[in-house]
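All remarks here apply to the structure that follows.
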Amino acid sequence: MKLTNEGIKQKDAWLNADYQLPSYDREAMVERTQANPEWIHFGAGNLFKAFQANVVETLLNEGIMDKGIIAVEGFDTKILQNSREHDTLALLATLKSDGTADKVVIGSIAEADLLSCEHEEEFNRLKEIFRNPSLQMASFTITEKGYSLTNANNELLPAVQEDFNNGPAAPKSYMGKVVALLLERFHASKYPIAMVSMDNCSHNGDILKSAILPYAKAWEEKGFVPSEFVQYLSDENTVSFPWSMIDKITPRPDDAIGEIFKKDGIEDIEPFQTDRGSFVAPFVNAEETQYLVIEDKFPNGRPPLEKGGLIFTDRETVNKVETMKVTTCLNPLHTALAIFGCLLGYDRISEEMKDEDLVNLIKKIGYQEGLPVVTNPGILDPKEFIDTVIEVRFPNPFMPDAPQRIATDTSQKLSVRYGETIKSYAKDETLDLNDLEAIPLVFAGWIRYLMQINDEGTAFEASADPLLDELVPLVQNIQLGQKVNVEQLRPILENEKVFGINLIEYGLADKVVALFNEMNEKPGAIRQTLHEVVSK
């Protein structure tokens with residue numbers, strides 16, 4: 001069995017192995033999509049295949065849609081090459097908490113293109129797509145870093161500066177190429193379009209807009225483009241930048257899942273690492289639960305994606321859903337499991353969910369400390385969201401997600417995931433900051449984590465984090481069994497870059513330090529302290 005157009009014509013072999021195949025005429029779908037595309041997506045990675053492409057696959061099979069998606073890869077050419085070798089088909093294993101897996105052949109990706117001015121034919125094809133009046137939306141999953149125009153010192157990246165100076169003829173930066181494509185659409189007839197970031201970052205539509213407009217303004221100043229182009233991009237009636245909230249856990253392709261496919265007789269699907277370090281494969285594995293809430297602002301119309309489970313609403317509601325998820329119902333629980341998973345020697349989130357103390361910890365964070373200050377967005381119930389996270393998503397044994405991965409960049413996450421809850425407590429006269437127990441324990445656990453000594457007293461390596469070089473030296477001389485005071489940890493406790501607040505000013509420093517000292521008393525003290533706090 002081969003994952004190609006010819007290969008899937010051997011239907012009996014695929015169906016006998018319980019695969020869902022495209023039930024529509026894929027060749028006709030590809031022709032319609034290429035002639036009059038409606039949706040182009042930048043960032044053809046694992047999340048895209050498992051979520052957006054799968055939603056369209058379902059709607060194609062149900063006859064609700066008759067066009068697919070055009071996928072664009074701008075970072076890893078190997079991803080594009082591999083996709084084309086498989087005729088842009090992909091395999092999806094949706095891993096369920098009951099131990100079963102749905103296996104689907106995704107055929108909704110009608111075309112895969114390279115975002116590169118050096119490959120003239122590729123870029124001319126993208127220009128052609130953007131000039132087509134049928135195009136309704138361009139979406140993105142390129143990670144928050146993909147929108148960045150500056151480095152850590154707020155200096156323009158060299159490729160961005162070069163594009164600002166040289167204009168839209170042959171941009172080198174990712175966003176420069178996107179803006180050049182929008183210029184094609186402007187010149188064609190100022191056709192409207194929605195530019196939709198689907199990346200997991202706050203107010204992502206604004207982030208995308210702020211990555212696009214500087215190019216247009218720089219090019220206008222240098223006479224490369226007319227002022228009307230800036231106006232075109234600034235007018236939401238012609239170019240909109242909706243906010244969205246996305247939630248779906250899609251780990252890198254797992255070898256165990258690859259073995260399932262191989263045992264079914266599928267050939268040539270081995271995962272590989274790209275030159276940029278990404279782990280990809282012709283298959284993707286993902287959890288069943290998924291949410292995509294989008295601000296309904298599409299000046300040229302949009303596909304009927306609500307029939308595939310996407311939720312379209314207003315900007316305020318998108319913001320409430322994101323705030324609910326990031327500050328209460330998912331992200332804080334994930335980070336707590338990441339920190340204590342590393343300290344207690346776990347290598348799977350699902351294994352942690354068999355640990356009564358850890359389950360009680362995230363229940364305490366979510367239900368007891370978070371829910372009192374969360375705003376119900378109306379379209380998703382916060383308690384039900386947490387219920388699904390704790391009962392279905394995190395315990396899923398088929399989700400090969402590691403606390404070490406989740407612990408990456410923790411210093412960048414604590415302020416939003418916990419700091420906002422603390423601020424809400426401080427503003428609410430009916431609530432008492434002193435009632436918080438689990439969140440201070442997470443802070444203390446993270447400081448203990450910075451020592452890079454686990455609960456058995458064994459050294460481990462902290463996950464990548466931009467502030468490690470700044471923070472680790474502040475704890476590296478603390479010995480196991482040594483007690484410290486607030487003054488010794490002051491540089492960490494009052495670091496608003498980390499917590500979003502000054503823990504000393506908010507009156508939480510004494511509690512955090514006391515919990516740190518308890519966990520640092522001896523081997524086994526982390527477990528003991530954790531148990532005592534969550535048992536209250």
Side-chain angles (χ1 to χ4, degrees), residues 2-9 19-74 76-77 79-92 104-116 119 121-142 178 181 184-185 191 193-196 198 280 282-284 298 300-305 307-308 310:
K2 286 185 178 292
L3 186 65
T4 61
N5 284 332
E6 285 300 313
I8 63 172
K9 288 180 181 179
Y19 285 83
Q20 176 186 305
L21 293 172
S23 61
Y24 51 91
D25 185 335
R26 186 169 190 253
E27 184 177 345
M29 179 277 292
V30 169
E31 288 180 2
R32 282 191 296 269
T33 305
Q34 291 181 342
N36 293 292
E38 294 176 348
W39 184 358
I40 188 168
H41 183 87
F42 293 82
N46 296 326
L47 176 62
F48 164 69
K49 294 175 187 175
F51 199 164
Q52 292 90 340
N54 188 38
V55 166
V56 175
E57 183 70 15
T58 299
L59 295 178
L60 285 167
N61 283 324
E62 294 176 355
I64 294 171
M65 290 179 63
D66 64 358
K67 295 178 183 175
I69 312 175
I70 292 176
V72 181
E73 179 53 48
D76 277 317
T77 56
I79 295 177
L80 180 74
Q81 293 166 358
N82 187 261
S83 177
R84 288 176 173 174
E85 288 171 5
H86 295 277
D87 296 327
T88 69
L89 293 166
L91 286 173
L92 167 62
V104 179
V105 175
I106 303 291
S108 61
I109 304 170
E111 178 181 332
D113 296 311
L114 180 65
L115 183 65
S116 171
H119 297 76
E121 184 176 344
E122 298 274 356
F123 204 62
N124 284 341
R125 171 56 183 155
L126 291 175
K127 289 180 178 180
E128 180 183 8
I129 292 168
F130 268 78
R131 286 194 296 264
N132 198 316
S134 66
L135 188 63
Q136 297 177 326
M137 61 187 289
S139 57
F140 298 78
T141 49
I142 58 175
V178 171
L181 294 173
E184 291 291 322
R185 191 164 184 80
Y191 295 127
I193 189 172
M195 304 292 288
V196 191
M198 295 180 177
V280 293
F283 69 88
V284 58
F298 291 78
N300 200 33
R302 60 171 175 78
L305 299 173
K307 295 181 180 179
L310 274 59

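Side-chain contact check for N36 versus R32: every heavy-atom pair is 4.5 Å or farther apart. In this structure, the side chains of I40 and L135 come closer than 4.5 Å at one or more pairs of heavy atoms. Considering only heavy atoms from C-beta on, P22 comes within 4.5 Å of E57 through its side chain. Here the side chains of F123 and L115 are in contact, with some heavy-atom distance below 4.5 Å. Inter-residue side-chain proximity for V30 and T33 is flagged as unmet; no heavy-atom pair is nearer than 4.5 Å. The closest side-chain heavy-atom distance from E38 to I69 is not below 4.5 Å. Within the 4.5 Å cutoff, the side chain of I64 has no heavy atoms near those of the T58 side chain. A 4.5 Å side-chain heavy-atom check between W39 and V56 finds at least one atom pair inside the cut-off.
Of the inter-residue distances, the one linking L126 atom CG with D113 atom CG reads 5.0 Å to the nearest 0.5 angstrom. Note that the CG atom of L92 and the CZ atom of F51 stand 11.5 Å from one another [nearest 0.5 Å]. Here the CD atom belonging to Q136 is positioned 9.5 Å from the CD1 atom belonging to I193, to the nearest 0.5 angstrom. M65 contributes atom CE, which lies 6.0 Å from atom CG of L59 (distance to the nearest 0.5 angstrom). From K49, atom NZ reaches atom CG of L89 across 10.5 Å, with rounding to the nearest 0.5 Å. Put simply, CD1 on I70 and OG on S108 are 12.0 Å apart, with the number rounded to the nearest 0.5 Å.
Side chain of N132 to main chain of A35: a donor-acceptor pair is present (N/O by atom type, distance under 3.5 Å, no hydrogens or angles). Side-chain N or O atoms of T88 include none that pairs as donor or acceptor with a backbone N or O of A112 at under 3.5 Å.
Heavy-atom minimum distance, A138 versus F42: CB-CE1, 4.1 Å. Nearest heavy atoms, I109 versus A71: CG2-CB, 3.8 Å. Heavy atoms only, all atoms of each residue included: Q52 and L47 are closest at OE1-O, 3.4 Å. Across all non-hydrogen atoms, the minimal contact from R185 to P133 is NH2-O, 3.6 Å. Scanning both residues, N54 and I106, for their nearest heavy atoms gives OD1-CD1, 3.3 Å. The two residues D25 and A28 make their nearest non-hydrogen contact at OD1-N, 3.1 Å.
No side-chain donor-acceptor contact under 3.5 Å links T4 and D87.
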Under the side chain to side chain contact (heavy atoms under 4.5 Å, CB included) rule, what do T77 and L114 come out as? Steps first, then yes or no, please. CA-CA 7 Å; T77 56; L114 180 65; 3.7 Å; yes
Please lay out, stage by stage, how Y191 and E184 fare under the test side chain to side chain donor-acceptor pair (under 3.5 Å). CA-CA 10 Å; Y191 295 127; E184 291 291 322; over 6 Å; no
Please assess D66 against Y24 for the test side chain to side chain contact (heavy atoms under 4.5 Å, CB included), listing each intermediate value before the final yes or no. CA-CA 9 Å; D66 64 358; Y24 51 91; over 6 Å; no
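By the 4.0 Å N-to-carboxylate-O rule, E122 lies close enough to R84 to be salt-bridged with it. Ion pair R125/E111 flagged as a salt bridge, since at least one NZ, NE, NH1 or NH2 atom sits closer than 4.0 Å to an Asp/Glu carboxylate oxygen. No salt bridge links R131 with E128; every basic N to acidic carboxylate O contact stays at or beyond 4.0 Å.
Ring orientation note: the planes of H41 and F48 are close to parallel, at an angle under 30° on the 30°/60° scale.
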